[in-house]
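Single-structure report; data block below.
Computed from a prediction, not measured in an experiment: that's the story for all the values here. We name chains A, B, ... by the order of the sequence lines, and we start the count at 1 in each one.
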2 protein chains.
Amino acid sequence: MVTIYDVAKKANVSPMTVSRVINRSPSISEKTRLKVEAAIRELDYIPNKQARSLISKATRLVSLVIPDISNPFFTRLTRGAEDKALEAGYQLLLGNSDESADKEAQYIELLLSSGVDGVLLAPAGDGSAAALNKLTKRGVPFVFVDRIAEGAACDRVIGDNADTTGRLVRHLVSLGHRRIALVNGPSSISIARERLAAFREALQREELGFDPALVIETHFKQDNLEDIVRQLVTLAPEARPTAILAANNFIGVNTIRALRQLDLAVPEDISVACFDDPEPIPEYNPFLTVAAQPAYEMGYKGMQMLIERMERAAPDAPRTVVLASDIIVRRSTAAPPSSRL
Amino acid sequence: MVTIYDVAKKANVSPMTVSRVINRSPSISEKTRLKVEAAIRELDYIPNKQARSLISKATRLVSLVIPDISNPFFTRLTRGAEDKALEAGYQLLLGNSDESADKEAQYIELLLSSGVDGVLLAPAGDGSAAALNKLTKRGVPFVFVDRIAEGAACDRVIGDNADTTGRLVRHLVSLGHRRIALVNGPSSISIARERLAAFREALQREELGFDPALVIETHFKQDNLEDIVRQLVTLAPEARPTAILAANNFIGVNTIRALRQLDLAVPEDISVACFDDPEPIPEYNPFLTVAAQPAYEMGYKGMQMLIERMERAAPDAPRTVVLASDIIVRRSTAAPPSSRL
DNA sequence: TATCGTTATGTTATCGGTAACATGAACTTA
DNA sequence: TAAGTTCATGTTACCGATAACATAACGATA
C-alpha cells in the first residue's frame, strides 16, 4: 500500500508537506506543490480514509435504513437520498429492516461501530426508539423520512397523510361511495396511525359513519390478502364496502389480486385506491388510482437535512418538512354498483 | 468517545487485556474477562472500526455497484447481495452507475479511498475495464453479476442468455411468428451482445432469416420508445414484425406503452415478450410474457463468490456461474394476426 | 525449595494520517 | 547589516486499536 511516507520520500519532502498539499493548505509553494502532485500521480497514491477518520472522527459515511427496498416507493426514496449524499461527498450504507424493529436495532448497532456520521431512517415502528437512543447518546444525528418513531425529537420529512387521505376519501365519495373500507398497515407505524385518524376525520367531514368493521390492519409488505378481503366482501350487503382504500402500493396491488381470486371485478364490483405508485408500470395499463407521494424528494430532502445536522448547519430545534402528494385517478375507481343500477 | 483505554482504567487492567477480551483470546482468566465485560457494558463501549482497519487492512465493507436501482431486477439482486453480505458480517455500500461508465469510474475511485474489501459489480459497459484495473492493482477483488466487462478475468454470475433467448424465440415461433424484432440494449453491454448473438442463432435454428432492420438498439433504462417502435411497425407489411422481443423489463414495458400510443393492441396486433419481470405487479393483471431471471440468487451467489475471494477461500482461476431463467407465458404473446384470419 | 513450564497480563511500537508546535529561509525595515 | 516579520517546511506526538515481544504469577516437578 502506498502511504503518505512513500510520496514524501519520492518528492523529497516531509509527510506533513504531502498532507498539506492533499488538503490544499495555502502555505505551500507552487514549486513543492507541483513536485508533490507529481509524486502522488506517479505512485498512484490514494489517501487512507481510515487513518484520516481516526483523527477527524468523521467517516463521511451515512446510512439509509428502510423497511423494504423491494418496494418501489423506497427505491425512489433511496435514489433521492443517494444523489444528495454523493453530491455532498458522503457515501451511502444501505440497510433493510424488513419492517422488523429487531433487525433495525441490530443494524443500528452495526452502524454505531462503523462510525457512520448520520442515519436517515424510515423506522419500522415505535419500537425503534430504544435503538435511536443509542445513536443520540453517541451524538450520531438521524432524520426520519416517510415515517416517525414516537419519542425521538429529530428532523423529519413526511408526507401529508391527513390531506392526502382526505382527498382520496373525497374522490371516492364524489363517485358515490358511502361505505369505504381501509386496509391499513400496522398501528405501530406512524403513517398507519395518521392515515387511520385522517380516515375517520374525512368520513366525519363527509358525514359518513365510521364502522370499525371496515378497518383492517395488515402488513405493508407483499402479502396474501385473500382472507382479509374476503372478510370485507362477505359482509351483509348493507354493511359491505363498495370501495377499498389501501394504505400503500403493495396492499393496493394485493387487494386487487385478492379480489380477482374472489371473482370480483375492479372497478365494476368494487373500487380500489391506494397510497404510493406501484412502479415501474404505473401507466402501461392504467389501473390503480393512487396518491403518489414524492418519494425521490423525500429521500433527497431528508438527506439534505441530515447533512445540515451532521455539519452543524441546522438550528437546534427539530424541523418538520411535509410534502404533498398527487392524486392520480386511473381505472380502479368508479361509481359503486348500486348507483349504476 | 469511550475508548479501550477508558475500559482498561475502569477494569483496572491494561488496554491489551481489554483487546483480548473483545477478540475472545483464549488466554484470559474467567475473572478478568467478567471484570472487563462489566466495564464494557457499564461504559457502553463500542470498538472503533477505523482504528482496527488501520492495522488489519480490512474494513468489512463491500460495495454493490449497479446501473439502476429503480429497476426491480436490480432491486432483487440487491436484496440477495445484502442478505449474503450481512450474513458474513460485511456491510453494503450502494452505488448507482446510471448505466454510465463515467459515473461508474468515479464511484470506483471513491470506493478505493473508502477501502472497501471487495466490489460486486454489474458493469455499465466495456468501458469499465480501466476503472477495474485500478481495483486489481490495489488488490481489491471484484465479481461480475448479470453482466461482464471484456478484459477482466474474474468470477462472474450471469444468466443463461443463449438458452433463454432461444426459448423465448421458440415460444414466439411456436405461436406462428415468422418475423420477430429485437429491441436490444446498447452493444457496449455484454448481455445485449449475447442476446443478439443468441437471437441470430435461434432464428437460424428455426430456419428463419435474419433481418438487420428488425434489430434496434436503445437503452436499458426508462425511455420513450415511440420513435423506435414506429420505425418497426411502419415497415412494409411483408417486412413488418409480428412480435417484439425486448431485451429487458423496462424496454418491454415501454414497448407496450409505445404500441398503445400508436393504437396497436397487444397481443392482437403484435406480440411482446421480454427479459426480466417488471415487478412488483407481475401478475395482478397478467400481461408481459417474460423470461424471469433469478435476480435474488444472482446477487446472493455473486456476493458469496466475492466473499470467498476476499477471504482467499477460492481457487485462483476465475469461476463462472450460469443461472437459468423461467419463461413465464402471460397475455402479451399470442398467434400473429395473419394466422388468425 | 529451586527450577521449569504454563498461563495471564503488561509494554512498546506501529498502522497512516494530521494538529500543534518548532525551525529555517527569505524578505523587510530602520 | 542586525533585528523583526512572514512564509514554507519539518518534528513530535497522538488518534484507537493490536502484533510482537516481555514479564509476572502460578503451579508442577524433582
Table of protein N/O atoms under 3.5 Å from nucleotides 5-10 of chain C N/O atoms:
| residue | atom | partner | partner atom | Å |
| --- | --- | --- | --- | --- |
| C:dT9 | OP1 | B:Ser29 | OG | 3.2 |
| C:dT9 | OP1 | B:Thr32 | OG1 | 2.3 |
| C:dT9 | OP2 | B:Ser29 | N | 3.0 |
| C:dT9 | OP2 | B:Thr32 | OG1 | 3.1 |
| C:dG10 | OP2 | B:Ser14 | N | 2.7 |
| C:dG10 | OP2 | B:Ser14 | OG | 3.0 |
| C:dG10 | OP2 | B:Thr17 | OG1 | 2.5 |
| C:dG10 | N7 | B:Arg20 | NH1 | 3.3 |
| C:dG10 | O6 | B:Arg20 | NH2 | 2.5 |

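- Atom CG of B:Asp6 and atom P of D:dG16 are 8 Å apart (whole Å).
- Comparing the start and finish of the helix from C:dT1-D:dA30 to C:dA30-D:dT1, five pairs each, the helix axis swings through 60°, to the nearest 10 degrees.
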Find every protein N or O atom lying less than 3.5 Å from an N or O atom of nucleotides 13-15 of chain C, and list the pairs.
| residue | atom | partner | partner atom | Å |
| --- | --- | --- | --- | --- |
| C:dC15 | O3' | B:Lys57 | NZ | 2.7 |

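- For B:Asn48 and D:dC15, the CG to P distance is 12 Å, given to the nearest whole Å.
- Partners of B:Glu42 by side-chain contact (heavy atoms from CB on, under 4.5 Å), not counting sequence neighbours, listed by chain and number: B:Lys10.
- When rounded to the nearest whole Å, the span between CD of A:Gln50 and P of D:dT18 equals 14 Å.
- Applying the salt bridge (Lys or Arg N to Asp or Glu O under 4.0 Å) criterion to A:Lys103, with sequence neighbours excluded, gives A:Asp98.
- Applying the 4.0 Å criterion to OP1 and OP2 of D:dT18, one finds that B:Asn23 has a side-chain N or O inside that range.
- Taking atom CD1 of residue A:Ile4 and atom C1' of nucleotide D:dG10, one finds them 13 Å apart after rounding to whole Å.
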Between the protein and nucleotides 25-27 of chain C, which nitrogen or oxygen pairs are less than 3.5 angstrom apart?
none

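- For the pair B:Arg156 (side chain) and B:Cys154 (backbone), a donor-acceptor distance under 3.5 Å is present.
- The nearest whole Å value for the distance from the NZ atom in B:Lys9 to the C1' atom in D:dG16 is 15 Å.
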